[in-house]
Amino acid sequence: MDDTYTTAYNPKHTEEKWYRFWEENNLFTAKPDPSKKPFCIVIPPPNVTGILHMGHALNNTIQDILIRYHRMKGDETLWMPGTDHAGIATQNVVEKAIAKEGLKRQDLGREKFIERVWQWKQQYGSTIINQLKRLGASCDWRHSRFTMDEGYSQAVTEVFVRLYKKGVIYQDNYIVNWCPRCQTALSDEEAPHKEIEGNLYYIRYPLLIDQRSSVISQGAKRNKHQIANDYIVVATTRPETMLGDTAVAVNPKDKRYNKLIGATVILPLIKREIRIIADSIVDMEFGTGAVKVTPAHDPNDYLLGKKHKLEFVNIMYPDGRLNENADVFKGMDRFEARQAVVEALTKEGLLEKIEPHILSAGHCYRCDTLVEPYLSKQWFVKMKPLARPAIRVVKQAKIRFYPKKWTRIYLNWMENIRDWCISRQIWWGHRLPVYYCRRCYKEELVTTRGSDTTKGVIVSSVRPQRCPECGYEDIYQDEDVLDTWFSSWLWPFATFGWPFKIEDDKERSKKEAELRYFYPTSVLVTASEIIFFWVARMIMAGIEFMKDIPFKDVYIHGTVRDIEGKKMSKSLGNIIDPLEIINEYGADALRFSLISLTATGQDIFLSKDKFHQGRNFANKIWNAARFVIMNLDMSKTNTDLCVFFEKEQLSIFNRWILSRFYSTLKKVNAALDNYRFNDVANLLYGFLWHDFCDWYLEIIKYDIRNPHNQLVMYKILEEFLRALHPVMPFITEDIWQRIHKDNIHNGSIMVQSWPHIHEEMIDRKTERMTEIIFEVIRKIRNMRVEIEIKPEQTIEVSIYPHKATVKRLIKENSGIIIALGRLNRLNILDSYKRPQSTISDITGQTDIFLHFGGIIDVAKEKKKIEEKLISERNRYDSKNKLLKKVDFIKKAPKEVVEGIRQAVQESKDKIEHLERVYNELL
RNA sequence: GGGCGCAUGGCUCAGUUGGUUAGAGCGCUACACUCACAUUGUAGAGGUCAUAGGUUCGAAUCCUAUUGCGCCCACCA
């Protein structure tokens, strides 16, 4: 016993030590081995800027469990790690860092800024990796990749060029989600909608007099109500955008307005003359039924603008301030301008009313700024052709989602997929492999997509020397970088080195072989938040470039929330830091508690005290192991194993614990294979705590030197440690090393084989018989408490077993009943005869009499039996009723009917017995 | 507006294809430091499975509606 073998488990003594041991012995590495089945998971790459949060802890615990389980099962197991460059997020972090020096990225310039980001990455990029190691993650770190690695970047470029040549990537002007703070375009997925409380502003647009009179003179009746004044009223939530209006639209069927179609109105404040147009897209029910059209600032209006050949007036700078087209409002921020416009309109009497209005609008997923629909020239991926095969593989169940419900959500998104905006106006990321000829390319903003937009555009993985069209040498590269997810979607194969642009033939063929061996990967473990960002796109990219699915299973776990159900976030201050939990309770405790709470697909509601269970469990295992080791004759453990499974020679308790263990193990296997992690945790917990510690160890304490007991307790502990290892790797390694102290060359528990299920040891009958003994002991203890017998005092008990088999059972195991019931004498009665001065209780199989010096409270005794009689009679009645139902006999399965019949008989016997006992008490 | 999920003891949740008396952890009550473990042990209390109908021999489980809560998606300004 060394000094670390204290009564309380201290994870600090084990975790760091064994992680180093595993790494130093290269136990995490994998390479293709044709004789084994491959098992591979690619990690959802955390952001380089990231620090470990509970979501990571859960996500990576699950992956590590699967990885360690399959490694022990003998699969060639690769967990591919890495980090994501996380364009916008990282750029934001570094911008904040340089802001402390009073610098903006523009002050440094692109090249210097990117240098700073790389520096930052060198310094902090491994933070999250080290934190994953603290968690126990058994990734093959030698394979670790970063999405901006040179080789990986080649994959990104290659993919862009291929898709462009295929016609799947195009450049176009479009209204995109624009974040004025990050000053970049975002994809639809990056701008999630949130409800905001806004207003609906009703604005009067004056009708041009001569137009109006001509309309009226032609028109039959003038609708007094709708055009009582010289205005048409439009409703908008963003009044400042009126400065960019180039039309007003009404529904052609709208009787209120159809006389006005073609008329001209004066745009207030700007005094621009704009037309009233008709389009069926306009909803007559909403607002006034007349809508202002701002083609440069609203996706719907953009379409209208194109259709009706309207002018596109952009009124905003990229930072959200209004530009020169906004006249006197130039320079104001968009929200400031909203105020000013409203005030100006009010002053002119053109604001009819303001109504509160809840609307939902996009917000930047990186900085939460309200997104502005903004017209700009961007690059897009046509998604429909990529989606089609990705829909098929899921419909054909080549890829399965766990839990199933995500399948529909995935398919629904895929079937309604829209084109993906992939260009970002930031600096940190993969620069687009797009070059322009200064002579051929026209940069004008507003053009319709047509054949000539590609003129002078050169898409190439290497910088071209001259324009292929005109030979001009003045070539410049596109300033934009690609969406981070445009690199992440290649993760399952680009991490292996695809497209293998490697000089060295040997190295290349080695890498190619690796990809062939491990692709498609086995399972992807992730949170629901990134199904669309990442999972769906990986499926598309995998099929497009590998001609095969990237993974077979997708396991979606829940979101980690605080105890009130709120997402954990820094701003809410409700974060529970996994590192803090690891420091306080240990990584094993963290892992165990997390997965014991993660029912398939359910969100996890966490509070700090939830980790007590994991900590307590670790401590229980630790002390159970201490007990075993302290009492174990180590010299015998390994040599005698060959004679181990001579089942008949073993005591009922040995047979019982073996049966319990292997039936538990069987369920654990099934749970692991079906991603039911909370079951895994609870099964192992229940077995160790209640079966092994509460009963088994307590029983064998009384005969601890018995060689069978020695063997079985050793064997169970050893195999239990292996079965628990994927969940709690550190403590299991530490104890395993202690029981293998003499032959450390066995290596590590993590490369031992997964315990084999000995089906022949699973024995329901033994379990039932053992349960009878336990029941007797429980009843005796219960009766002691009832009449307040002190724990140290021993007592006399008599038992009347109802059946001969039970009698034999009690007789054979009377020693244990005496010990655990704290008896000085146990009498086994041949027939029912109530001994004097006893209180009694009845189990399913026995009558128990506790000899008692004091006066028996007969009324209490009777009441106890009465209660039993009532419940037994109820049971009898309900079951007997069932048996009398013809339909039940006819329709229910035979086994069920037979079961009920037996139960009725047993119930009847029991009632008779109870009645007899009751009468004797008189 | 569309879609999805959840309502089970004081709290947090399990309950796999409907089948005999619905489980666990925490908390609670009583007793106990009998040396593996007080991060513990022993015993116990506590649930008409949200509501109303329906299907069925039989429903926590399947169907319908209602109520409450949560989430996702969406170009009604």
Side-chain angles (χ1 to χ4, degrees), chain A residues 7-9 175 188 192-193 200 234-238 241 249 281-283 285-288 290-294 298-303 357 359-360 362 373 403 405-406 408-409 412-413 416 418 528-529 531-532 559 561 563 565 585 589 596-597 599-607 609-610 612-613 615-631 670-671 674 676 678-679 682 685-686 693-694 697-698 701 778 781-786 788 790-792 820 822 871 874-875 878-879 882 885-893 895-897 899-900 902-904 907:
Chain A
T7 65
Y9 172 59
I175 301 275
D188 294 332
H193 282 67
L200 201 51
V234 299
T236 178
T237 54
R238 292 186 295 152
T241 61
I281 198 172
V282 177
D283 180 357
E285 307 295 316
F286 190 89
T288 60
V291 57
K292 59 191 269 316
V293 182
T294 323
D298 182 276
N300 263 332
D301 296 3
Y302 177 75
L303 294 176
H357 181 72
L359 68 154
S360 102
K405 64 168 179 176
W406 296 109
R408 275 188 61 187
I409 295 169
N412 186 47
W413 186 78
N416 297 297
R418 291 185 297 162
S528 60
E529 287 98 66
I531 291 180
F532 306 140
T559 305
R561 298 172 181 282
I563 202 73
Y585 300 129
S596 75
L597 295 167
T600 320
Q602 290 301 113
D603 287 350
I604 296 183
F605 297 83
L606 266 190
S607 60
D609 59 329
K610 300 265 180 188
H612 290 169
Q613 196 191 2
R615 176 200 58 179
N616 294 358
F617 185 41
N619 195 54
K620 191 71 179 176
I621 297 161
W622 183 253
N623 280 292
R626 285 182 78 226
F627 175 81
V628 171
I629 292 169
M630 272 154 65
N631 289 291
N674 289 292
R676 300 180 62 95
N678 61 323
D679 287 352
N682 295 331
Y685 180 93
C693 292
D694 288 353
L697 290 184
E698 290 304 321
K701 264 180 190 171
R778 264 190 226 111
R781 287 167 170 171
N782 172 235
M783 288 156 80
R784 295 178 59 113
V785 170
E786 195 184 308
E788 293 175 353
K790 290 209 171 88
E792 62 271 21
L820 298 187
R822 298 200 63 77
S871 75
N874 284 342
R875 192 181 316 164
S878 70
K879 296 233 166 90
L882 258 185
K885 262 195 208 165
V886 184
D887 278 343
F888 174 70
I889 306 289
K890 252 195 336 214
K891 290 180 185 168
E895 313 87 74
V896 175
V897 177
I900 299 282
Q902 258 180 45
V904 165
S907 190

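Chain identifiers are assigned alphabetically (A, B, ...) following the order of the sequence lines, protein sequences preceding nucleic acid strands; residue numbering begins at 1 within each chain.
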Row check, A:Phe627 ring normal vs A:Lys701 NZ/CZ: under 6.0 Å, within 45°: yes
Heavy-atom nearest nucleotide on RNA chain B taken for A:Glu285 and for A:Phe627; more 5' hit belongs to A:Phe627
CA sep, side-chain torsions, deciding dist, call: A:Thr237, A:Leu200, side chain to side chain contact (heavy atoms under 4.5 Å, CB included): CA-CA 5 Å; A:Thr237 54; A:Leu200 201 51; 3.7 Å; yes
A:Arg784 side chain to A:Arg822 main-chain N or O, any donor-acceptor pair under 3.5 Å? yes
Side-chain atoms of A:Pro893 come closest, of B:A77, B:A36, B:G19, to B:G19
Nearest-Å distance, NZ (A:Lys890) to P (B:G19)? 23 Å
Heavy atoms under 4.0 Å, any strand shown: does A:Asn300 hit a base, just sugar-phosphate, or nothing? base
Compare the minimum distances between each of B:U20, B:C73, B:G25 and the side chain of A:Ile900, then state the nucleotide with the smallest one. B:U20
For A:Glu792, is the CD atom crowded, meaning more than 12 foreign heavy atoms sit under 6.0 Å from it? yes
Given B:A77, B:A36, B:C75, the nucleotide with the shortest approach to the side chain of A:Val291: B:A77
On the nucleotide B:G41, are OP1 or OP2 found under 4.0 Å from the side-chain N or O atoms that A:Arg781 carries? no
Over 60° means perpendicular and under 30° means parallel, so classify the ring planes of A:His612 and A:Tyr585, tilted if in between. perpendicular
I'd like the P distance from B:G15 over to B:G5, given in whole Å. 15 Å
Specify the residue among A:Arg822 and A:Gly899 whose closest nucleotide of RNA chain B lies further upstream toward the 5′ end. A:Gly899
Can you tell me the distance, in whole Å, between the CD1 atom of A:Ile175 and the C1' atom of B:A77? 13 Å
How far, in whole Å, is B:C28 from B:A65 if one measures between their P atoms? 43 Å
Interatomic distance, A:Asn619 CG vs B:G41 P [rounded to whole Å]: 10 Å
Which heavy-atom pair separates A:Val897 from A:Ile889 by the least distance, and what is that distance? CG1-CD1, 4.0 Å
So, the side chain of A:Asn623 versus the backbone of A:Ala8: is there a donor-acceptor pair under 3.5 Å, distance only? no
Nearest 0.5 angstrom please: A:Ile409 CD1 to A:Ile531 CD1, how far? 6.5 Å
Atom-pair distance (CD on A:Glu788; C1' on B:A32), nearest Å: 14 Å
Counting heavy atoms from C-beta on, name the nucleotide in B:C73, B:A77, B:A43 closest to the side chain of A:Thr236. B:A77
Could you check A:Lys292 against A:Thr241 for side-chain hydrogen bond (donor to acceptor under 3.5 Å, both in side chains), going step by step and ending with a plain yes or no? CA-CA 9 Å; A:Lys292 59 191 269 316; A:Thr241 61; 2.7 Å; yes
Could you check which of B:A43, B:G19, B:A36 has an atom nearest any side-chain atom of A:Glu698? B:A36
Nearest-Å distance once atom C1' is located in both B:G19 and B:G1: 43 Å
Can you find a side chain N or O atom of A:His357 that sits less than 4.0 Å from OP1 or OP2 on B:C76? no
Sticking with atom C1', work out how far B:G2 lies from B:C75, rounded to a whole angstrom. 15 Å
Can you check the distance between B:C6 and B:U17, where both ends of the measurement are the P atom (answer in whole Å)? 13 Å
How close or far is atom P of B:U42 from atom CZ of A:Arg784, stated in whole angstroms? 14 Å
B:A50 to B:A14 separation - P atoms, rounded to the nearest Å: 14 Å
Identify which nucleotide among B:G19, B:G41, B:U39 has an atom closest to any side-chain atom of A:Ala892, counting heavy atoms from C-beta outward. B:G19
What is the distance from CZ of A:Arg626 to P of B:A36, rounded to the nearest Å? 9 Å
Testing B:U12, B:A77, B:U21 for proximity to the side chain of A:Lys879, the answer is B:U21
Base B:A74 paired with A:Ser360 side chain (donor-acceptor, <3.5 Å): yes
Parallel, tilted or perpendicular: ring planes of A:Trp413 versus A:Phe532, cut at 30 and 60 degrees: parallel
Secondary-structure stems for RNA chain B, with pairs counted as Watson-Crick or G-U when both distances are under 3.5 Å and runs at least 3 long: B:1-7 with B:67-73, B:10-13 with B:23-26, B:28-32 with B:40-44, B:50-54 with B:62-66
Correct closest heavy-atom pair for A:Ala235 and A:Thr288 would be N-OG1, 4.2 Å
Which nucleotide in B:A43, B:U42, B:C31 has an atom nearest any side-chain atom of A:Asp694: B:U42
What nucleotide, of B:G58, B:A36, B:A14, holds the atom closest to the side chain of A:Lys885? B:G58
Distance check needed: B:G27 P versus A:His612 NE2, whole Å only. 9 Å
Nucleotide nearest A:Ser878 when distance is taken to its side chain, options B:C75, B:U21, B:G19: B:U21
Just how far, in rounded Å, is P of B:U16 from CG of A:Asp679? 10 Å
With rounding to the closest Å, how many angstrom separate the C1' atoms on B:C37 and B:C49? 36 Å
For nucleotides 1-11 of chain B, just jot down a letter per nucleotide in 5' to 3' order: B, S or -, based on protein non-hydrogen atoms under 4.0 Å. --SS-------
Between A:Lys701 and B:C35, is there a side-chain N or O to OP1/OP2 distance below 4.0 Å? no
Distance between P atoms of B:A7 and B:U61 (Å, rounded): 11 Å
Work out which heavy atom in A:Cys693 is nearest to a heavy atom in A:Glu698; give both atom names and the distance. O-CG, 3.6 Å
Using a heavy-atom cut-off of 4.0 Å across all strands, would you classify A:Gln613 as base, sugar-phosphate, or nothing? sugar-phosphate
